[in-house]
**Q** 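What follows is a structure written as structure tokens; I'll ask about it next.
Order of the sequence lines sets the chain letters (A, B, ...), proteins ahead of strands, with each chain counted from 1.
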Number of protein chains: 2
Amino acid sequence: MAGGISLKELAAELKLAPSTVSRALNDSYEISDATKKKVISMAEKLNYHANPFARSLRENKSKTIAVIIPERINSFFAQVMDGIEDIAQEQGYHLLVYNTHEDVEKEKKIVNLLLNGRADAIVMSVSSQTSDISHLKKLHDRGLPIIFFDRICNDIPTTKFITNDYEIAFDATKHLIQQGCKKIAFLMLSKDLSITKERQRGYLDALKDEGMEMNPAFDFYCSHVEETNVQLIHEMLTSPSKPDGILASVEKLGFATYHAIKNTKIRIPEDLKLISFSNASIAGILSPSMTTITQPALTIGHECAKLLIKKLNKPKHYDLVDQVVTIPSVITVRESTFSE
Amino acid sequence: MAGGISLKELAAELKLAPSTVSRALNDSYEISDATKKKVISMAEKLNYHANPFARSLRENKSKTIAVIIPERINSFFAQVMDGIEDIAQEQGYHLLVYNTHEDVEKEKKIVNLLLNGRADAIVMSVSSQTSDISHLKKLHDRGLPIIFFDRICNDIPTTKFITNDYEIAFDATKHLIQQGCKKIAFLMLSKDLSITKERQRGYLDALKDEGMEMNPAFDFYCSHVEETNVQLIHEMLTSPSKPDGILASVEKLGFATYHAIKNTKIRIPEDLKLISFSNASIAGILSPSMTTITQPALTIGHECAKLLIKKLNKPKHYDLVDQVVTIPSVITVRESTFSE
DNA sequence: AGAAAATGCGGAAACGATTTCGAATTTTTA
DNA sequence: TAAAAATTCGAAATCGTTTCCGCATTTTCT
């Protein structure tokens, strides 16, 4: 119904063979400029558009990249997506987007859906529940180019893009200490996540470097249920052994902390200093404004897409070598870590 | 390279005709249960996955829906997307996502890309620059099912999903007046946008209803450049004829207002009361917390997807009739509009 | 028991593009 | 001027499905 005209019909209209028309539209050297012009103008006149599925079938590629993220309402992932889309649009690629909602079962379903070649390649950040990675291995074994960013899968030999998680967490912790914090808590999602491992390592090394004790009670695992997190953080902050500094390893836990101190006597930064990974511009309009670790989200998106498309355009010449590319984050100091 | 096994090869392995195997996999009544079982188990064993492009070519449908939004870093659009994806995944549909960045030229390019049938249908919210809608008309004329939400196109006869823009803006304005506001400004994007028209109408009618003057200086047009908006709002709020209440017709302008009063003597809600359209959960952790008009974003996404898929599954039985479906918003009163 | 219907499957066309191979015409070269 | 080479185009195969027909074989009906 929604059908336009086909190549064959266009050829008939022009009294040319389909092969000629195809070549003319693809600017082949075998076709004279005269007929090329004729073909192109007639194609425009009749509003011809090549059927992408016929082409994909024939060429065995879809000009489509699948992007899998764990959540959509997250300024970091949204910015990375924007970055990927910038390059993709520029290079004529389309984006299939999937949200796992941090659910590994959903992630498996989605990954299995992509086993049929609907997408030429995949960019993904794994869910916080992902520890068994057999579904991802299968994808990679199939030969589908796949790139990880942020929450990566070290066991899959491909290129990964991350920020300097260890160093920046180290620096952030040092910053809290410099501002006078004695008892610093580390807020994180699942311990299986690559980012929590690295960021926690940075946090712990900074404490060690300063000869500070590391209280196991300050290793704070959170769930993916917002209310629970707020509740738990609230309990921690009102307990006798409460921390005076917090490093939140993901944005939503930074926000959850603001939520948790609502309607309490706890004041930021006087009683509690907070620094959080976050790409949200609204960090600056919170009161007090929130000191953040800002990841190079847009750049990460750009680099992922660039590398992947380079690989897709020249499958023989470029390989997704097994390496981790690090793009540094920036700490934006705001009021939530002021010492006075 | 990434190729799996084809139907023909699977058939050869089973010593059956491709047609039989196809029917078996599609659970046709013409095939005996015995062979069905054989085929299915062999398909699993050999890891067969049907080529989606061959199928799309043959069936003339792609099981894909395109979603076009004006910005991604926006809690409303992100939630709508989540809603659409909920239903789409459940029904076996894939989502192609495009961000116009409020740029009508980009919107045109994207729309033209969709003219070739890559997607079976479209869900979209137009850019703030969109006034000429010929590109959208062309899409609709082609017979491609299209649904609008939020920022709709009244001139295109199809189903649209919005919230009760007029009424809720009316109520919000009344709320500001009840809280003692005498001079209320209305912050908006382009005047061409369906939502600004309706929301402004509600705002103006509420003023009229209360016999209040409407100061043209309080009809406040904003750009899509964040810094400029903050600057302009700041100027307005520090001018002699400054308002004592603000209704922001989109989320980012609510945030921009918080930004604008940073480092000023202006206090919310004492000097200025603010209510803003917003779906951001962080509205509650701002200080003071922000009174919001919360749109039923998830529901809007669900309804868009449901209707569209119903249409796609039974093209003859359902039509995207020319109507506007309204799903009401909710005003969440918070500190930014407290009267004392 | 003979005819009619139901069951189970195979052959081949079709979807719409690209591309290999070959052939016809024109141009160049000797 | 005849042969070689370039130019320009057409016929047909191909990608991997689905489906329209057709053909046996078996079951059901009278």
**Q** OP1 or OP2 of C:dT19 versus the side-chain N and O atoms of A:S22: is any pair under 4.0 Å?
**A**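 No.
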**Q** What is the distance, to the nearest angstrom, from the CZ atom on B:F53 to the P atom on C:dT18?
**A**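 That distance rounds to 15 Å.
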**Q** Taking atom C1' of C:dG8 as reference, at what distance in whole Å does atom CG of B:L14 sit?
**A**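 One finds 15 Å between C1' of C:dG8 and CG of B:L14, rounded.
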**Q** Between B:S56 and D:dT17, is there a contact of a side-chain N or O with OP1 or OP2 at under 4.0 Å?
**A**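 No.
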**Q** So which nucleotide from C:dC15, C:dC9, D:dG16 ends up closest to the side chain of B:L16?
**A**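 Closest nucleotide among those given: C:dC9.
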**Q** Could you state the CZ-C1' distance from B:R23 to C:dG8, rounded to the nearest angstrom?
**A**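 Taking atom C1' of C:dG8 as the reference, CZ of B:R23 is at 9 Å.
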**Q** A:K61 has an atom NZ; how far is it from atom P of C:dT18, in whole Å?
**A**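 Rounded to whole Å, this separation is 11 Å.
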**Q** Return no unless some side-chain N or O of A:S32 is found under 4.0 Å from OP1 or OP2 of D:dC9.
**A**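 Affirmative; the distance criterion is met.
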**Q** Could you check whether A:K61 pairs with A:D120 (Lys NZ or Arg NE/NH1/NH2 to Asp/Glu carboxylate O, under 4.0 Å)?
**A**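 Answer for the salt bridge query: no.
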**Q** On DNA chain C, does the nearest nucleotide to B:E30 precede the nearest nucleotide to A:S19 from the 5' side, or the other way round? Give the residue.
**A**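 Closer to the 5' end of DNA chain C: B:E30.
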**Q** Report yes if some heavy atom in the side chain of A:T100 is under 4.5 Å from a heavy atom in the side chain of A:T130; otherwise report no.
**A**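 No, too far: nothing below the 4.5 Å cut-off.
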**Q** Closer than 4.0 Å, any side-chain N/O of B:Y29 to the OP1 or OP2 of C:dC9?
**A**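 No, B:Y29 has no side-chain N/O under 4.0 Å of OP1/OP2 on C:dC9.
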**Q** Quick check: do B:V97 and B:M81 have side-chain heavy atoms less than 4.5 Å from each other?
**A**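 Sidechains of B:M81 and B:V97: in contact.
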**Q** Starting from C1' on C:dT18, measure out to CZ on A:R58 and report it in whole angstrom.
**A**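 Spelled out: CZ on A:R58 to C1' on C:dT18 is 4 Å.
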**Q** Can you tell me how far CD1 of B:I162 sits from CG of B:N154, rounded to the nearest 0.5 angstrom?
**A**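 Going from CG on B:N154 over to CD1 on B:I162, the span is 8.0 Å.
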**Q** Given C:dC15, is OP1 or OP2 found less than 4.0 Å from the side-chain N or O atoms of A:N51?
**A**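 No, because none of the side-chain N or O atoms of A:N51 sits under 4.0 Å from OP1 or OP2 of C:dC15.
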**Q** Calculate the interatomic distance between A:L10 atom CG and C:dA17 atom P; express it in whole Å.
**A**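 Answer to the nearest Å: 9 Å.
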**Q** Among C:dT18, C:dT20, C:dC9, which nucleotide sits nearest the side chain of A:L7?
**A**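 So the side chain of A:L7 is nearest to C:dT18.
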**Q** Pick the nucleotide of DNA chain C nearest each of B:L57 and B:I31; which residue has the one closer to the 5' end?
**A**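 In this pair, the answer is B:I31.
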**Q** Would you mind reading off the distance between A:L25 atom CG and C:dG16 atom P, rounded to a whole angstrom?
**A**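 In whole Å, C:dG16 P lies 16 Å from A:L25 CG.
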**Q** Apply the test side chain to side chain donor-acceptor pair (under 3.5 Å) to residues A:S28 and A:N26: give CA-CA distance (whole Å), side-chain angles for both, the deciding distance (0.1 Å), then the verdict.
**A** CA-CA 6 Å; A:S28 161; A:N26 290 324; over 6 Å; no
**Q** Think B:T20 has a side-chain N or O under 4.0 angstrom from the OP1 or OP2 of C:dG10?
**A**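 Yes.
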**Q** Nearest-Å distance, NZ (A:K63) to P (C:dA17)?
**A**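 Going from A:K63 (NZ) to C:dA17 (P), I get 17 Å.
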